[in-house]
Amino acid sequence: MRATPLRPGTLHRSADFTSPLTVPGGEVAGTEIVRELAPEVALTVWQVLRSVLLWAAEIPAQRGDLFERRAMEQWERELLEGTFDPDLRYPLAVIVGEMGALEDASDESLAHACLCVTEWGLAHNATRTALAFTEAAALCRPDHPRYAWMAGRLLRTHGYRREAEQWIKRSIRVAGSKGDWEAQTLGLNSLGNVFAEAGNYRQAAQTQSQALRIARKHRLRDREGEVLHDLFVATAHLGNLDIAENYALGALEIYRAGHSRLLLLAHDVAVLWMQRGQYDRALPVLLALSDQPDTLRDRILVLASGAWAAGMCGEESHYHRIAKQVVELAEQSAGGLGVPRALYELGLGAWGLERWESAEDFLARAEAAARAGGESDVVIEAEASLAAIRQRRAAVPSAPTVQRRSAGHETLTKRFVASIRSAPVPAEA
């Protein structure tokens with residue numbers, strides 16, 4: 001393994017928005033990479049990361065002083081001729097080769113190669129490697145808002161909310177300065193989702209309302225649908241349920257049949273209806289959704305919600321049929337993704353049917369699975385439901401009452417069902 005070939009006396013200079021020698025958690029960049037990668041590749045990957053971060057932090061006019069050209073050419077050859085995974089070696093070689101070009105290096109090629117390493121990391125359970133190289137890509141292109149947005153989105157996905165917020169805010173600022181209205185809409189909507197995940201639904205709704213205004217002003221129809229969808233979620237959590245349904249209807253108008261987020265919107269709306277006690281509105285949508293999800297986790301969650309609604313509607317045959325499917329799929333779920341929540345909802349459905357033993361069994365299993373998986377919200381909900389059943393002190397959930405609803409609300413249920421049935425059938429997971 002080689003040390004990064006820096007020129008003697010090279011000084012590190014700070015560039016805009018760079019703290020490039022740290023990754024989430026404040027550790028020296030590469031600490032987690034070395035821990036999560038196999039020994040035969042860890043040091044090489046860390047050395048490339050360190051080099052590209054130094055390159056990104058340097059004043060562009062001074063980058064020609066960073067590396068020895070011949071040493072970088074030799075390093076590039078060693079990577080191209082190496083023996084470890086070519087899907088990792090080749091992007092690393094591109095990074096080294098570009099930096100070896102010194103002042104002629106292409107920041108776009110560097111950023112793209114960094115994202116290729118990110119893709120490799122995500123495919124090989126090397127999350128911290130993926131995150132570090134995504135940030136490196138954004139640092140290589142500080143003038144490009146979408147790289148910063150990608151970094152923020154990936155960090156948010158993997159639970160680094162504070163770091164995600166920093167990158168997303170940067171993407172919004174850069175997008176505004178460039179007049180990239182689509183990127184600014186994406187950034188504001190993502191920032192709203194960060195706020196929502198922290199429980200700050202009011203700030204989420206305000207931020208996403210700003211995104212909606214920009215999307216409409218610049219006629220970004222697809223982005224408008226996504227913002228309306230996320231505004232629906234934030235507004236529902238604020239308790240403004242009728243307004244939330246109007247947002248959902250607006251999103252449905254844009255999504256129509258076949259949009260990649262249609263099924264997610266339908267499920268989100270059905271869950272809201274169940275939280276409002278409107279199980280009879282939710283059940284047709286959930287039954288229509290039951291064959292649609294294309295991942296095992298989503299299929300489990302959608303079916304479990306359908307079982308819950310069926311139980312609360314007194315549809316015992318539907319409940320037992322769906323519950324059997326959920327149990328079979330849960331046994332296939334590697335890592336138990338979605339299983340605790342699904343078991344909890346099966347318990348609620350059994351409770352609605354007054355099948356006490358079955359309800360208690362599902363809820364106890366949900367609590368145990370949630371504890372093992374660190375899903376504290378499910379633990380709390382399952383414990384409360386178990387206590388109510390065991391002590392018989394809580395009222396049995398009442399059957400759904402027929403409420404007076406506007407024609408528009410009835411139409412929304414029918415339109416979701418029609419849109420779902422018109423959607424392309426997904427491939428088997």
Side-chain angles (χ1 to χ4, degrees), residues 185-186 188-197 199-216 219-290 292-293 298 301-302 304-306 308-309 312-313 341 345 400 402-424:
T185 302
L186 286 168
L188 286 165
N189 196 41
S190 293
L191 183 60
N193 288 330
V194 171
F195 292 146
E197 288 174 358
N200 192 345
Y201 297 109
R202 191 166 304 281
Q203 192 170 6
Q206 290 171 350
T207 304
Q208 288 165 339
S209 294
Q210 186 181 354
L212 183 61
R213 287 193 295 272
I214 294 172
R216 284 176 169 169
R219 299 181 180 181
L220 304 170
R221 186 73 169 160
D222 284 346
R223 300 308 177 198
E224 180 185 346
E226 294 166 6
V227 176
L228 284 167
H229 183 170
D230 291 331
L231 257 173
F232 154 73
V233 175
T235 307
H237 278 95
L238 287 171
N240 302 326
L241 301 182
D242 289 332
I243 295 175
E245 285 204 15
N246 287 334
Y247 285 138
L249 180 58
L252 179 60
E253 285 290 328
I254 295 170
Y255 283 1
R256 299 188 182 277
H259 192 285
S260 61
R261 296 188 72 190
L262 170 65
L263 304 183
L264 177 60
L265 175 66
H267 184 250
D268 286 344
V269 173
V271 170
L272 170 66
W273 285 338
M274 290 196 290
Q275 290 169 347
R276 299 182 73 174
Q278 298 173 353
Y279 302 101
D280 53 341
R281 293 185 74 190
L283 183 57
V285 174
L286 291 167
L287 291 176
L289 276 173
S290 61
Q292 295 293 326
D298 289 347
L301 290 174
V302 167
S305 295
W308 177 15
M312 298 305 291
C313 289
R341 171 65 59 183
E345 293 185 356
V402 178
Q403 302 179 17
R404 288 187 178 182
R405 307 186 187 109
S406 69
H409 280 180
E410 288 298 334
T411 298
L412 184 55
T413 304
K414 294 175 182 177
R415 291 177 73 173
F416 266 118
V417 172
S419 297
I420 293 164
R421 288 176 177 166
S422 300

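For the numbers below, each heavy atom of this structure counts, side chains included, while hydrogens, waters and symmetry mates do not. Quick note: residue numbers are just sequence positions, from 1.
The OH atom of Tyr255 lies 11.0 Å from the CG atom of Leu263; values are rounded to the nearest 0.5 Å. For the atom pair Leu191 CG and Gln208 CD, the distance stands at 8.5 Å (nearest 0.5 Å). Taking CG of Asn189 as the start and CZ of Arg223 as the end, the distance is 9.5 Å to the nearest 0.5 Å. Going from atom CG of Asn193 over to atom CD of Glu197 covers 6.5 Å, rounded to the nearest 0.5 Å. Distance check: Asp298 CG to Leu264 CG gives 8.0 Å after rounding to the nearest 0.5 Å.
Residues Leu287 and Leu283 meet the side-chain proximity criterion, which asks for heavy atoms closer than 4.5 Å. Side-chain contact between Leu262 and Arg256 is absent, with no heavy-atom pair separated by less than 4.5 Å.
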Worksheet item: Should Asp230 and Arg261 be marked as a salt bridge (Lys or Arg N to Asp or Glu O under 4.0 Å) after you check the CA-CA gap, both sets of side-chain angles, and the distance that decides it?
Response: CA-CA 11 Å; Asp230 291 331; Arg261 296 188 72 190; 3.1 Å; yes
Worksheet item: Checking side chain to side chain contact (heavy atoms under 4.5 Å, CB included) for the pair Asp268/Leu272: CA distance, chi angles, key distance, verdict?
Response: CA-CA 6 Å; Asp268 286 344; Leu272 170 66; over 6 Å; no
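Residue Thr207 comes nearest to Gly192 through the heavy atom pair CG2-N, 4.0 Å, listed as atom of the first residue, atom of the second, then distance. Pairing each heavy atom of Ala309 with each of Leu286, the nearest pair is CB-CD1, 3.9 Å. Contact detail for Leu241 and Arg276: the closest heavy-atom pair is CD1-NE, 3.2 Å. Closest heavy-atom contact between Thr185 and Ile214: OG1-CG2, 3.4 Å. The minimum heavy-atom distance linking His267 with Leu301 is given by the pair NE2-O, 3.9 Å. Nearest heavy-atom pair across Ala251 and Leu228 is N-CD1, 3.8 Å.
For the pair Thr235 (side chain) and Phe232 (backbone), a donor-acceptor distance under 3.5 Å is absent. Between the side chain of Asn200 and the main chain of Gln203, a donor-acceptor pair closer than 3.5 Å is present. In this structure, the side chain of Glu345 does not engage the main chain of Trp308 through any donor-acceptor pair within 3.5 Å.
Side-chain atoms of Tyr247 and His229 form no donor-acceptor pair, as typed in the model, at a separation below 3.5 Å.
Looking at Arg281 and Glu245, a side-chain N of the basic residue comes within less than 4.0 Å of a carboxylate O on the acidic one, giving a salt bridge.
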